[in-house]
Amino acid sequence: SADRLLTVLRERGVSDLRRVADGRELEALPGSAVGLAVLPVEQGFATDDMVLLGEQDILGDRLARTSRRRRSLDQFITEATALTPGDLVVHDDHGIGRYEALETIDVAGAPHDCVRVLYAGDDKLFVPVENIEVLSRFGSEDAGVQLDRLGGVAWQSRKARVKKRIRDIAGELIRVAAERQLRPGDVVQPPEGIYEEFAARFPYPETEDQLNAIADTFADMASGKPMDRLICGDVGFGKTEVALRAAFIAAMAGSQVAIVVPTTLLSRQHYRSFTERFAGLPLRIGQLSRLVPAKVAREVKKELADGRLDIVIGTHALLAKDVRFAHLGLLIVDEEQHFGVAQKEKLKQLKADVHVLTLTATPIPRTLQLALSGVREMSLIATPPVDRLAVRTFVMAYDPVTIREAIMRERDRGGQIFYVVPRIADLDDVRERLRESAPEIKYAVAHGRMAPSELEDVMTAFDERAFDLLLSTNIIESGLDIPSANTMVVHRADMFGLAQLYQLRGRIGRSKVRGYAYLTLPEKKKLAPTAQRRLEVMQTLDTLGAGFQLASHDLDIAAARTDGSEEGPREDWSPQITIGTPVLIPENYVPDLGVRLGLYRRIAGLADRREIDGFAAELIDRFGTLPTEVENLLEIIAIKRYCREAGIEKLEAGPKGAVISLRDTRFGNPAGLVDLIQRNAGTLKLRPDHKILYQRNWDDAKARLTGVAKLVQALAKIARTAQPEAAAQLPKPAPSVAKPKVARRA
């Protein structure tokens, strides 16, 4: 803020302007000088000796928020994949099962927390918590999905087919992305001075996520290559501000900007927002949708083709064949998931060589997958605006008394109500119910088949608070911003999709007032399992910033993951470690099961000793001194990292030593391994089955843990020093006569 104000004041002709560190330096300035300092003072004051002006005195009222520790993108994604009992999960090696519970079992004489997963034939698999990363959520819709059989071949063959298909798709996506990267793009940078003034018109302090998203966008636009960035942020979290600033710098650089939205109401709202924000600037803004009269639409198209219109906001009408741009430089797509296939193809043609910014609250799975795989860049806005409260959601059978109370309570606190139905045919029935239960309420009706002018009049009147309640179809679901509307009733909520319900709920609770959503169901009607699951998810996702989590519920995660590097598909595996020490987070340390599961998943993803130590510090800060079991768990994670580096697939340790199995009987540096064995001939040997045996007296569990850590660290160091050609497969061991067993613990 200080840097921005410095630029604005200099642009306004304040010449002797100096940055100072504190109040003493401010007092020491000569009389003609103007000092600028960051001080804990909200508003200015005047004395006989000096005048102090606060930022609010110069730029108007600004809302302040307390800074909070920002969660990383990886951590946010991790928390979004938290499991609940009954969820379908995918195990990298065994396929689709059903998560049942977190269970403490006895492993090598010590308690060990494991995730219990049910498979076909009532087979159970116990996954140690330190290997929890081998599990991923299958998806929120589980109708008709069959569980795999432990030890069966069906999953492996299906996984091979999926891997090949993903490789083909990824190859095409990477080819398209590479072609875009090879094309030159407009180099666009913020104009000094006037940009700071434009940014200062934003009446809120930018959240850290917002600033990062803006910086990412500007860096892309200045790179000389066409931008393709996804801004993923929950409803009302400030995505539009990112779009406004990107549009500003593109338009001021002489490029045309097109903002494409899915509905006429959202087009109208964006047009109003952009017009207010760009007031007084030498830029022309137009609108193109069915709400725009034909004569005005013709003029807008003519000005676009002539280059006289700088910014145009519209629906898919912008994708028509007769719409031509003189020099389109930036395309902003809002709520991409609402566009059809044909419209997306037209968008693809429109955005071939231009900068593209996509805004979404609940990205469709493919959009999210492209962003996570790096084909598209993504910025995540996960921090809610100041004073925002989460919407309370109630799933219930329709009850006229409860609905009347909800409507009247909202009206009595000075607010407005949305009443949403799934079909136009439902409007008359609900209208009759409203007449009976709440006759004193003034209401209006809106749906997609109304004449454009009539719909415009209704929405304007509701926005201006001429009505208490708006009875409508889901035409209101995209981007509508009416801060005074904070109660929503959804009729027949079972007929809406998960993303639709989430978008609808996002229309309320957009101010400092608590929002309430009532998802009503028909009485005595048994719901389909998928509809039941959708509504359960909606009721649990009532925290701020849950839109990204919703996308993860809709994202079916396959076991085959493709890396865009030259090496091709990435091979994921997780070492199995048994040391005979208690490995768990005790229930009396972290009582909440969901929190424990989330911590286990985060622990499994820790990359190195520094991250492990940082996580340990966080646990101490949140829950107190680490119990021995948790210390053991964190040490196992460190050992696991070394095992991966050394290619150790399985490690079993007990009072008499340790047995190590190498992955595919392969070691990165065979000569180094032989040298290590020779130097430790009394304690280290290679068995005929090519397992490494380390003989020690480890009656003490702590000494065993420390000894194993030193051993695998030494093996990892030797493996790292190998020459590329040194990695070789050890001779095949003699065939075993023992019968194979289906693993119950993996």
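Residue indices begin at 1 and follow the sequence shown.
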Visitor: Taking only Lys NZ, Arg NE, NH1 and NH2, and the carboxylate oxygens of Asp or Glu, determine whether Arg158 and Asp148 approach each other closer than 4.0 Å.
Guide: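 A salt bridge is present here (some side-chain N lies under 4.0 Å from a carboxylate O).
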
Visitor: Does Thr706 have any side-chain contact (heavy atoms from CB on, under 4.5 Å) partners at least two apart in sequence or in another chain, and if so, which?
Guide: Lys710

Visitor: Examine the side chains of Thr393 and Arg505 and answer whether a donor and an acceptor come within less than 3.5 Å of each other.
Guide: yes

Visitor: Listed by chain and number, what are the side-chain contact (heavy atoms from CB on, under 4.5 Å) partners of Arg641, not counting sequence neighbours?
Guide: Ile637, Arg644

Visitor: I'd like to know if Glu130 pairs up with Lys640 as an ion pair, taking the criterion as any Lys NZ or Arg NE/NH1/NH2 lying under 4.0 Å from an Asp or Glu carboxylate oxygen.
Guide: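 No salt bridge links Glu130 with Lys640.
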
Visitor: For Arg704 and Trp698, indicate whether the former's side chain and the latter's backbone hold a donor-acceptor pair under 3.5 Å.
Guide: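 Here the side-chain-to-backbone pair exists.
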
Visitor: Please enumerate all residues that pass side-chain contact (heavy atoms from CB on, under 4.5 Å) together with Asp700, with sequence neighbours excluded.
Guide: Lys702, Ala703

Visitor: Return the set of residues passing side chain to side chain donor-acceptor pair (under 3.5 Å) with Asp675 (not counting sequence neighbours), or none when no residue passes.
Guide: Arg679

Visitor: Check Arg149 with Asp123, please: is the shortest side-chain N to carboxylate O separation under 4.0 Å?
Guide: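 Looking at Arg149 together with Asp123, the answer is no, because their closest N to O distance does not fall below 4.0 Å.
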
Visitor: Taking only residues two or more places apart in sequence, or in another chain, which ones meet Tyr119 in a ring-ring contact (aromatic ring centres under 6.0 Å, His included)?
Guide: none

Visitor: Can you list every pair that meets side chain to side chain donor-acceptor pair (under 3.5 Å) and has a residue in residues 579-598, with sequence neighbours left out?
Guide: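 The answer is none; no pair qualifies.
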
Visitor: Is there a salt bridge (Lys or Arg N to Asp or Glu O under 4.0 Å) between Lys124 and Glu103? Walk through the geometry before answering.
Guide: CA-CA 12 Å; Lys124 290 181 175 63; Glu103 185 174 330; over 6 Å; no

Visitor: What distance separates Leu673 CG from Ile677 CD1, expressed to the nearest 0.5 Å?
Guide: 4.0 Å

Visitor: Can you give me the closest heavy-atom contact between Ile132 and Ala604, atom names plus distance?
Guide: CG2-CB, 3.5 Å

